[in-house]
Enquirer: 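Here you go, one structure.
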There are 2 protein chains.
Amino acid sequence: MTKASASQDISPAQCPRPFVTVDLVIFTLREGQLQVLLMQRAVPPFEGMWALPGGYVRPDEDESLDGAAARILGSKTAVATPYIEQLQGFGNARRDPRGWTATFAYFALIASEQLALQSGANAEDVAWHPVETRPVLAFDHDLILRTGLERLRGKVEYTILPAHLLPAKFTLPDLQSVYEQILDRRLDKSAFRKKMADAGLLEPVPGEMRHASNRPSQLYRIRSDATPFLGRTI
Amino acid sequence: MTKASASQDISPAQCPRPFVTVDLVIFTLREGQLQVLLMQRAVPPFEGMWALPGGYVRPDEDESLDGAAARILGSKTAVATPYIEQLQGFGNARRDPRGWTATFAYFALIASEQLALQSGANAEDVAWHPVETRPVLAFDHDLILRTGLERLRGKVEYTILPAHLLPAKFTLPDLQSVYEQILDRRLDKSAFRKKMADAGLLEPVPGEMRHASNRPSQLYRIRSDATPFLGRTI
DNA sequence: ATACTTAGTTGTTATAGTCAACTAAGTATG
DNA sequence: CATACTTAGTTGACTATAACAACTAAGTAT
């Protein structure tokens, strides 16, 4: 272990090239529960076990990491413009029995109205699972999933990211319920509404209300000019 | 571009293996300025330009990503237990003229008393640069550095991470000054001291004061049981 | 018509941040 | 040696924000 070999200026020929993948933690809200998209593996290792959707990055096609993540997301779900961000990298010799691998994990939120799974050869092997009752996962995917959950909970505290988990039109009680679901605690109604109003990222849909067997509630949508700011601190 | 080739179950033989490196954004505080550790490149590409310290990960030695980051940090600086965390991954075809590469960027904070550079063959090519007056960097390292700066500023808002930039014993005015330096704005003295006291992560060093030509100030240190919590929200 | 349920508002209290002044404890200076 | 000066550290008033609780509003169900 010489210092020279640690340098970035090692000759490319000497450099070992590991496998590099992108794995996705895709959350949605179904049946009032936070759910995650999983795939059942058809081949070893971990054949038959559930795993996060993922795939190899394609250096040969000039694909960026973000591009690979978007491609994989699009190949599993029918989603137009979801929220996606890089989560964290994982790389060591033990995460895959075949040897050293590295993955860039991504974190995505899907609106519940858009969670139709992409039809295809393997569509039947893709399914939503409630996070609470998820199966044991292949590789180190449980660690990655828990990292994604922490990120989600952390960001919910000070952003309006959870709006991405709802359909395009939603009520403020809907949104508050999502927050409470993710944080696992009750929130104060007036403080919540004030915070949302102050953030200025939502707007009421004029004249549109949701009717149930009680007082109707105003429908809101994300302001069209606000999409880039949903992940910002509010 | 078939769907099968996007799957994680592609045969390993078909999978292109990119170069994977780890790059470090190492901050310290010298002469009252936030500074970053840079290396001058001795070989093309970008020969003679400054770059972030980095190196290849070593799959053949069972090295994890965190292990590689720690190794590179240790090879450039003489630091015992600094703060280090993964920053973000960067990967595309344009960041290195030699072709597609991916890097896992790490973010480290070094106490100013420990910033002696590791002596060695290339020690003269390693230097601290004030962030404000840094040179143009090779590759996409300016983007990585700016990402690190954002992370630092973001975390300073709600953690006591900056304590890692100071020697083991420091005064509260010292620490407040570091916050002000990083955030580029003045903070209220009483609110700052109350916040630090409430966090409960610092303790006064009994009987030890710093003496200058004015009222002496109490020296504090990080509580030995608090190190894992310095990055936590306070 | 009345009860019921959830939407949405209002007001009150507790808490935390902001601003500004004050006291404290040393060194520097005549 | 007395006084001025400088920065450390505290205190209190004021203000913005969050937490708690009650209230009104507007529909459906019986």
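Proteins come first, then strands; the chains are lettered A, B, ... in the order of their sequence lines, and each starts at number 1. In this text the structure is predicted, and so the values were computed from the model without any measurement.
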Enquirer: Anything below 3.5 Å on both distances counts as a pair; with that, list the stems of at least three consecutive Watson-Crick or G-U pairs involving DNA chain D.
Expert: C:1-30 with D:1-30
Enquirer: Can you list the residues that meet the side-chain hydrogen bond (donor to acceptor under 3.5 Å, both in side chains) rule with A:R153, with sequence neighbours excluded?
Expert: none
Enquirer: Among all residues two or more places apart in sequence or in another chain, which pass the side-chain hydrogen bond (donor to acceptor under 3.5 Å, both in side chains) test with B:R186?
Expert: B:E180
Enquirer: Could I get the full list of salt bridge (charged side-chain N to carboxylate O under 4.0 Å, His left out) partners for A:R193, not counting sequence neighbours?
Expert: none
Enquirer: Which residues pass the salt bridge (charged side-chain N to carboxylate O under 4.0 Å, His left out) test with A:R215, not counting sequence neighbours?
Expert: none
Enquirer: If I take atom CZ in residue A:F170 and atom P in nucleotide C:dA7, what distance separates them, rounded to the nearest angstrom?
Expert: 15 Å
Enquirer: Listed by chain and number, what are the salt bridge (charged side-chain N to carboxylate O under 4.0 Å, His left out) partners of B:R151, not counting sequence neighbours?
Expert: B:E85
Enquirer: How does each nucleotide of nucleotides 11-27 of chain D score, in 5' to 3' order, for protein heavy atoms under 4.0 Å: base (B), sugar-phosphate only (S), or none (-)?
Expert: B--------BB---BBB
Enquirer: According to salt bridge (charged side-chain N to carboxylate O under 4.0 Å, His left out), who are the partners of B:D66, at least two apart in sequence or on a separate chain?
Expert: none
Enquirer: Less than 4.0 Å between a side-chain N and a carboxylate O, is that true for B:E157 and B:R185?
Expert: yes
Enquirer: Quick one: ring pair (Phe, Tyr, Trp, His ring centres under 6.0 Å) partners of B:Y83, sequence neighbours excluded?
Expert: B:H164
Enquirer: Could you state the atom-to-atom distance from CZ of A:R193 to P of C:dT6 in whole Å?
Expert: 15 Å
